[in-house]
Structure formats: C-alpha cells, structure tokens
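Here the structure comes first, spelled out in structure tokens, and everything after it is commentary.
In this text, all values refer to a predicted model and were calculated from it rather than measured experimentally. For reference, positions follow the sequence shown, starting with 1.
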Amino acid sequence: MSSSSLRKKSDLRLIQKVPCKSLKNVLSNLQEVILGTKLAVLFLAIPLAVIADYYHYGRPLIFGLSLTGLTPLAERVSFLTGQLAFYTGPTVGGLLNATCGNATELIIAILALANNKVAVVKYSLLGSILSNLLLVLGSSLFCGGIANIRREQRFDRKQADVNFFLLLMGLLCHLLPLLLKYAATGEASASLINKMSLSLSRTSSIVMLIAYIAYLIFQLWTHRQLFEAQEDDEDDTYNDEVTVEENPVIGFWSGFAWLAGMTLVIALLSEYVVATIEDASDSWGLSVSFISIILLPIVGNAAEHAGAIIFAFKNKLDISLGVALGSATQISLFVVPLSVIVAWIMGIKMDLNFNILETSCLALAIIITAFTLQDGTSHYMKGLVLMLCYVIIAACFFVDQIPQPKGTGLGMQPKNSVGGGFVSA
C-alpha cells in the first residue's frame with residue numbers, strides 16, 4: 001500500500017488507438033510500470049550511470065547516479081509484487097512481498113560480501129534498521145501530527161508489540177557475540193574469542209530465520225487480522241483519498257518479467273554502489289560508515305519512506321507503522337541472518353558483533369521507539385523526538401573517525417578502510 005501512494009493515474013486513451021495488439025500491450029506496460037510513478041524522472045539516472053561507467057567518468061559520479069537510480073526501482077518492485085498478488089492470492093502475494101520488500105538491501109549485502117566488504121554489509125543493514133525506526137517512523141508521526149494537529153491520532157498497538165518482541169530478540173543476538181569479547185578472561189586468545197563469536201552468530205542466525213518464518217506464518221495465516229489497517233469509525237475526510245487497486249493493471253507474466261528485469265538492474269546498480277563507495281568517500285570527505293549507515297538507507301528507501309509519510313498525512317498510522325516497523329523487522333530477522341549464512345557459504349567470516357557503538361545505537365533506537373508507541377496514540381512531538389534522535393546518531397557517525405582493532409569485522413574506519421582486513425579472523 002505504501003507503493004500505491006506514489007502511483008500516478010495512467011491515461012491510456014492514446015495507447016488504445018494503436019492498431020497492433022502486441023505493440024499496444026508493450027506500450028501499456030511501459031506506461032504503467034515506468035511512467036506510472038511520481039518518481040519516473042529518476043529513471044534517467046540509470047542509463048546515465050551505465051554511460052558514466054562505460055566512459056570511465058568520475059567514480060563518485062557513478063556512485064551518486066547509481067544511488068539515485070535505485071530509488072524508483074525499489075518503489076516499482078513493491079508495485080510489481082502487489083500486481084502479482086492479484087493473481088497469486090494474498091498469502092503467496094504476502095510471501096512475495098516479504099521476499100522482495102528489501103531486495104535492494106539484500107542485493108547490496110550479497111555483492112559487498114562477494115567483494116569481501118563485511119563492514120559495508122553491517123553498516124548498511126544497521127542503517128536500514130535505524131532509518132526505519134527513527135527517521136521513517138519519526139517523520140511519519142511528525143507529519144501526521146502536524147496535518148491532524150487538532151485531533152489525536154490513534155493506532156492499533158498489537159502490530160507494534162509483535163514487531164518489538166522480534167526486534168528485541170534480534171538485539172539479543174547482536175549483544176551476545178559482543179559481550180563474549182568482554183566476558184572472556186585474559187587467558188582466552190583473540191582467535192578463540194572470534195571463533196566463539198562466529199559460531200554463536202551462525203547458530204543465532206539460524207534461530208533468527210526460524211523466528212522470521214514463524215512471524216510470516218503468524219502475519220499471513222494465523223493472526224492476519226492484527227496486521228490489517230483498522231478502519232476509523234469516525235468521519236475521516238481523508239478516507240476517500242486512500243484507494244486500493246481492485247484490479248491488476250498488467251498481466252501475470254508481464255509483471256513477472258518486469259520484476260525479474262528490475263531485479264537485474266538493481267543488481268547492476270548495486271554493483272556500481274559497492275565498487276565506488278570508497279571513491280565517493282574520498283571525494284566527498286565522508287567516512288564509509290556515514291555513507292553506509294546514513295546516506296544509503298535514506299536514498300535507497302526514499303520511496304518507501306515517502307509512502308509512510310503520505311499515509312500518516314491521511315491519518316492512516318496503522319499503514320505507516322506497518323511500513324516502518326515491518327521493514328525494520330524484516331531487515332533484522334531476515335536480511336541480517338541471511339547475510340551471515342550467505343557469508344558462511346562463501347567462506348567469509350561474518351558475525352553478528354556490530355561493535356559497541358553500533359549495537360548501542362540499535363538498542364537505544366528500539367527502546368526509544370517502543371516507549372514512543374506504548375500508549376497507542378501519536379502527536380507531532382513524538383515524531384520530532386524520534387527524528388532528533390536520528391540526527392544525533394547521524395552526527396555521531398559523521399564525526400567518529402576512530403579505527404577499531406583489527407579482527408572486529410567492523411570499525412569506524414576513516415574513509416575507505418572497509419576491506420577484508422577488518423573481517424573477523
């Protein structure tokens with residue numbers, strides 16, 4: 001539903017005059033998929049990024065164009081999974097959306113692992129969780145509170161409670177490998193501690209994936225009513241603006257082909273991002289940690305963020321919370337452990353120890369957000385506090401240039417020190 005808020009109504013009258021049926025279908029699909037979004041102008045960044053790479057233009061330029069091109073692609077993937085759900089049914093459609101919902105983050109993580117950039121993987125996934133909990137949710141509550149300033153906004157707490165239970169479980173899985181390092185006595189060698197942390201992380205990742213599968217069963221089958229937006233019984237002047245498509249606008253195989261094609265383009269642009277992030281760091285004077293934790297999630301998920309804010313404007317906080325908390329839970333319990341398992345298969349030693357500063361930011365973000373939503377009501381002050389917390393964390397990673405000890409797998413490396421030297425030994 002967050003994707004529907006960014007759709008443009010397509011005018012197919014001119015296309016209907018085309019005599020050739022095959023050409024008419026192709027043009028209709030182009031109209032719906034490429035031009036049917038308010039972010040269509042950003043598609044221009046995709047060929048520009050390919051051209052810039054082909055002619056060896058500045059690598060920071062390639063990074064910026066690739067990051068910009070990922071924004072409409074992520075939104076269109078959400079749209080296409082919604083279209084396929086019309087044919088597969090809500091259950092399979094929900095599974096498809098759960099799998100593809102964070103395709104950009106997952107593809108970037110896998111490509112970064114292939115390049116042995118474990119720190120970039122950890123940074124980007126941590127940034128996605130922080131962005132959803134503080135920036136997306138905060139801006140949604142703030143904008144919704146300003147737009148509905150003369151009345152109290154309410155939402156169903158049951159959905160939020162389930163997400164926070166799972167987020168706290170994920171936090172536990174990050175804390176234990178970190179605490180192992182501090183609990184070890186002086187007799188334990190660094191290699192032994194790293195081995196223990198790696199084994200615990202891989203075991204925890206399997207448990208996290210099991211929990212995520214149980215969460216999908218809970219969400220899509222047994223307790224589906226908890227995750228459906230509740231209708232407000234009061235007179236709501238915005239209700240008529242929130243529309244849900246009743247019929248698909250493209251065919252099943254067309255949607256499947258478009259989804260496969262856009263996934264390939266996302267993979268190409270993600271490869272550009274991973275390959276040029278150090279050059280962008282050097283050129284812009286920003287550390288890789290700041291770019292990965294702050295800039296990548298903001299730009300890469302801009303469409304999803306905009307959708308959550310638009311629904312908050314329309315007093316549909318249940319949908320906004322579903323977007324923000326659902327995405328954070330999916331990253332925490334699916335993408336992060338899957339990255340650890342994929343790294344294990346690839347022979348790369350990636351653990352769940354995100355280091356003391358990063359793990360502390362994650363813990364505080366979960367706790368602050370949980371307290372913010374505990375009473376089931378919202379106003380603009382709650383959103384403002386969440387956004388200000390995000391600004392403080394962003395400032396922390398902006399100024400922190402302290403390198404971490406070798407072997408941590410993650411550290412505040414100045415600029416482009418993100419290679420295999422920081423992978424857990």
Side-chain angles (χ1 to χ4, degrees), residues 45-50 52-54 56 59-77 99-129 131 205 259-282 287-302 304 327 330-332 334-352 354 409-410 413 415-424:
I46 299 174
L48 291 177
V50 176
D53 178 70
Y54 182 80
H56 305 291
R59 292 172 71 80
L61 175 63
I62 299 174
F63 177 84
L65 291 172
S66 300
L67 208 56
T68 304
L70 287 172
T71 301
L73 287 172
E75 188 272 334
R76 291 287 84 184
V77 166
T99 305
C100 300
N102 294 102
T104 303
E105 291 89 344
L106 183 58
I107 292 173
I108 289 178
I110 294 175
L111 291 175
L113 286 174
N115 288 273
N116 208 18
K117 297 180 179 179
V118 177
V120 172
V121 177
K122 293 183 176 182
Y123 285 144
S124 61
L125 297 181
L126 171 69
S128 293
I129 299 174
S131 174
S205 296
L259 184 61
M262 288 198 170
T263 302
L264 293 176
V265 177
I266 288 175
L268 175 64
L269 295 184
S270 298
E271 177 66 30
Y272 289 163
V273 167
V274 171
T276 58
I277 188 170
E278 298 97 332
D279 299 281
S281 172
D282 290 330
S287 65
V288 170
S289 61
F290 181 81
I291 292 177
S292 301
I293 293 175
I294 305 301
L295 294 187
L296 276 180
I298 290 177
V299 179
N301 295 325
E304 188 176 62
S327 181
Q330 189 177 63
I331 292 291
S332 179
F334 176 64
V335 182
V336 171
L338 184 61
S339 299
V340 174
I341 300 300
V342 170
W344 187 6
I345 296 173
M346 297 170 66
I348 297 174
K349 297 178 180 180
M350 175 182 172
D351 60 17
L352 292 174
F354 277 27
L410 177 65
Q413 305 94 343
K415 303 213 174 158
N416 60 348
S417 301
V418 296
F422 289 88
V423 179
S424 299

Checklist outcome for this item: Heavy atoms of I348 and L113 approach each other most closely as CD1-O, 2.9 Å

Item to check | Side-chain heavy atoms of S205 within contact of L352, under 4.5 Å | outcome: yes

Checklist outcome for this item: Between S292 and P297, the two heavy atoms sitting closest are O-CD, 3.2 Å

Next on the checklist: Using side chain to side chain contact (heavy atoms under 4.5 Å, CB included), reason through V288 and V120 one step at a time and then give a plain yes or no.
Outcome noted: CA-CA 8 Å; V288 170; V120 172; 4.1 Å; yes

Item to check | Pairing of E278 and R59 as salt bridge, 4.0 angstrom limit | outcome: no

Next on the checklist: Nearest 0.5 angstrom please: M262 CE to T104 OG1, how far?
Outcome noted: 11.5 Å

Item to check | Shortest non-hydrogen contact between I291 and A280, atoms and distance | outcome: CD1-C, 4.2 Å

Item to check | Reported CG-to-OG distance for the pair D282 and S287, which is rounded to 0.5 angstrom | outcome: 11.0 Å

Next on the checklist: Test of understanding: with side chain to side chain contact (heavy atoms under 4.5 Å, CB included), list the residues that count as partners of I46, not counting sequence neighbours.
Outcome noted: F43, L73, V265, L269

Checklist entry - What is the distance from atom CG of L259 to atom CZ of R76, rounded to the nearest 0.5 Å? => result 12.0 Å

Item to check | Polar side-chain atom of S124 near backbone of V121 as donor-acceptor pair, under 3.5 Å | outcome: yes

Checklist entry - Side-chain contact, heavy-atom cut-off 4.5 Å: K122 with V118? => result yes

Next on the checklist: Minimum heavy-atom separation for A114 and M346, please, with both atom names.
Outcome noted: CA-CE, 3.4 Å

Item to check | Y272 side chain reached by L67 side chain, heavy atoms, under 4.5 Å | outcome: no

Next on the checklist: Testing the basics here: between P72 and T68, what is the closest heavy-atom pair and its distance to 0.1 Å?
Outcome noted: CD-O, 3.3 Å

Item to check | Within-4.5 Å side-chain heavy-atom neighbours: L338 and L106 | outcome: yes

Item to check | CA sep, side-chain torsions, deciding dist, call: T263, I107, side chain to side chain contact (heavy atoms under 4.5 Å, CB included) | outcome: CA-CA 9 Å; T263 302; I107 292 173; 4.0 Å; yes

Checklist entry - Taking C-beta and beyond as the side chain, do F63 and D279 meet within less than 4.5 Å on heavy atoms? => result no

Checklist entry - In Å and rounded to the nearest 0.5 Å, what is the CD1 to OG distance from I108 to S339? => result 11.0 Å

Checklist entry - Who passes side chain to side chain contact (heavy atoms under 4.5 Å, CB included) against L264, sequence neighbours left out? => result none

Next on the checklist: Nearest 0.5 Å, please: how far is CG in L125 from CD in E105?
Outcome noted: 7.5 Å

Checklist outcome for this item: The reported gap from CG in L268 to OG in S66 (rounded to nearest 0.5 angstrom) is 7.5 Å

Checklist outcome for this item: In terms of heavy-atom contacts, N115 and L111 come closest through ND2-O, 2.7 Å

Item to check | Worked check of side chain to side chain contact (heavy atoms under 4.5 Å, CB included) between L296 and V273 | outcome: CA-CA 9 Å; L296 276 180; V273 167; 3.8 Å; yes

